[in-house]
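For reference, the structure discussed in these notes is given below.
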Amino acid sequence: MDANGDVLPFSTPEWFKTSSGRGELLPVPVFTAPTESRANAAKGAYPLEFLPRKADNYMNSTFANIPLHQRMEARTAGILEMHATDAAAREIATGDAVEVFNGRGSITLRALVNAQVAAGVVAARLDWNKLSANGANVNALTSETLTDIGGGATFYSTLVEVRKGQADIR
């Protein structure tokens with residue numbers, strides 16, 4: 001504890017060598033929305049932000065061979081969640097076959113209109129061990145671009161459009 005009563009574990013004010021005697025993280029990073037995000041969706045052909053969710057009952061491939069976990073995951077397999085506003089604009093109702101697409105690919109799912117996702121967002125499970133009716137999964141839509149800070153995957157920076165599908169869904 002220093003003279004002001006501040007607790008500085010593993011350090012002293014002299015260690016930082018700043019005018020305040022504290023760690024100063026400057027310059028403060030400025031947030032720039034990803035090119036593929038709701039902030040930029042109105043500017044392009046793909047107005048919906050796509051959220052490819054991980055499975056709830058698997059941990060990557062762990063537990064995927066257990067029948068109970070497979071039955072729990074089956075409840076959301078092949079489903080695209082949409083907000084009512086987005087579904088109405090596309091004349092889509094719960095149970096309709098839908099095509100989710102962008103310039104990289106497309107998948108065919110079944111719509112579930114609910115309030116679990118915000119307007120402007122659609123979501124589907126990764127379903128890594130299942131393919132949609134056209135033989136692809138959510139990975140067909142995601143970019144291989146890396147993030148600007150850290151070089152990570154941009155799985156959650158994906159824009160898509162959705163339309164009523166004609167294909168028969170398995």
Side-chain angles (χ1 to χ4, degrees), residues 31-170:
F31 174 74
T32 302
T35 302
E36 287 196 54
S37 68
R38 278 178 279 174
N40 296 313
K43 299 174 187 169
Y46 308 111
L48 300 170
E49 193 165 19
F50 182 59
L51 178 62
R53 295 180 174 171
K54 295 282 277 180
D56 289 333
N57 300 289
Y58 305 151
M59 186 169 44
N60 298 321
S61 63
T62 305
F63 308 121
N65 64 331
I66 299 172
L68 173 63
H69 289 260
Q70 292 171 344
R71 285 192 300 275
M72 289 187 291
E73 279 304 307
R75 290 180 283 195
T76 58
I79 299 293
L80 179 75
E81 293 179 84
M82 298 184 76
H83 189 274
T85 303
D86 299 319
R90 292 161 179 80
E91 299 180 355
I92 293 171
T94 293
D96 286 347
V98 292
E99 180 186 8
V100 185
F101 64 96
N102 61 20
R104 289 182 284 274
S106 70
I107 58 176
T108 305
L109 302 171
R110 188 153 313 277
L112 173 61
V113 180
N114 63 26
Q116 299 300 309
V117 293
V121 177
V122 293
R125 300 286 187 235
L126 178 60
D127 291 339
W128 64 269
N129 59 342
K130 295 178 179 59
L131 301 177
S132 84
N134 64 346
N137 67 13
V138 299
N139 292 331
L141 303 170
T142 59
S143 172
E144 294 179 10
T145 302
L146 299 178
T147 60
D148 55 346
I149 299 176
T154 56
F155 299 131
Y156 304 113
S157 298
T158 302
L159 293 176
V160 298
E161 179 56 287
V162 177
R163 64 180 162 226
K164 242 185 207 185
Q166 305 301 316
D168 183 33
I169 297 179
R170 297 178 206 176

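Here the structure is a predicted model, which is why all the values come from computation and not from measurement.
For the side-chain hydrogen bond (donor to acceptor under 3.5 Å, both in side chains) test, no residue two or more places apart in sequence or in another chain qualifies with Ser37. In terms of the side-chain contact (heavy atoms from CB on, under 4.5 Å) criterion, residue partners of Ala124 (sequence neighbours excluded) are, by chain and number, Phe50, Leu80, Leu109, Val138. Under the side-chain hydrogen bond (donor to acceptor under 3.5 Å, both in side chains) criterion, Thr142 pairs with no residue, sequence neighbours left out. Listed by chain and number, the residues in a ring pair (Phe, Tyr, Trp, His ring centres under 6.0 Å) with His69 are Phe63 (sequence neighbours excluded). Residues satisfying the side-chain hydrogen bond (donor to acceptor under 3.5 Å, both in side chains) test with Thr94, not counting sequence neighbours, are none. The side-chain hydrogen bond (donor to acceptor under 3.5 Å, both in side chains) check on Glu81 picks up Arg53, Asn114, with sequence neighbours excluded.
To the nearest 0.5 Å, atom CD of residue Glu36 and atom OG1 of residue Thr154 are 7.0 Å apart. Here the CE atom belonging to Met82 is positioned 10.5 Å from the CG atom belonging to Leu112, to the nearest 0.5 angstrom. Here the CZ-OG1 distance, from Arg110 to Thr76, works out to 14.5 Å after rounding to the nearest 0.5 Å.
Applying the ring-ring contact (aromatic ring centres under 6.0 Å, His included) test to every pair with at least one member in residues 75-106, sequence neighbours left out, gives no pairs at all. For residues 113-124, no residue pair satisfies the salt bridge (charged side-chain N to carboxylate O under 4.0 Å, His left out) rule, not counting sequence neighbours. Counting only residues at least two apart or on different chains, the salt bridge (charged side-chain N to carboxylate O under 4.0 Å, His left out) pairs with a member in residues 82-93 are Arg90-Glu161. For residues 134-144, the set of pairs meeting the salt bridge (charged side-chain N to carboxylate O under 4.0 Å, His left out) definition, not counting sequence neighbours, is empty.
Closest heavy-atom contact between Ala118 and Arg38: CB-NH1, 4.2 Å. Between Val113 and Ala84, the closest heavy-atom pair is CG1-CA, 3.6 Å. The nearest pair of heavy atoms linking Ala111 to Ala93 is CB-O, 3.7 Å.
In this structure, Arg104 contributes its side chain and Leu141 its backbone to a donor-acceptor pair below 3.5 Å.
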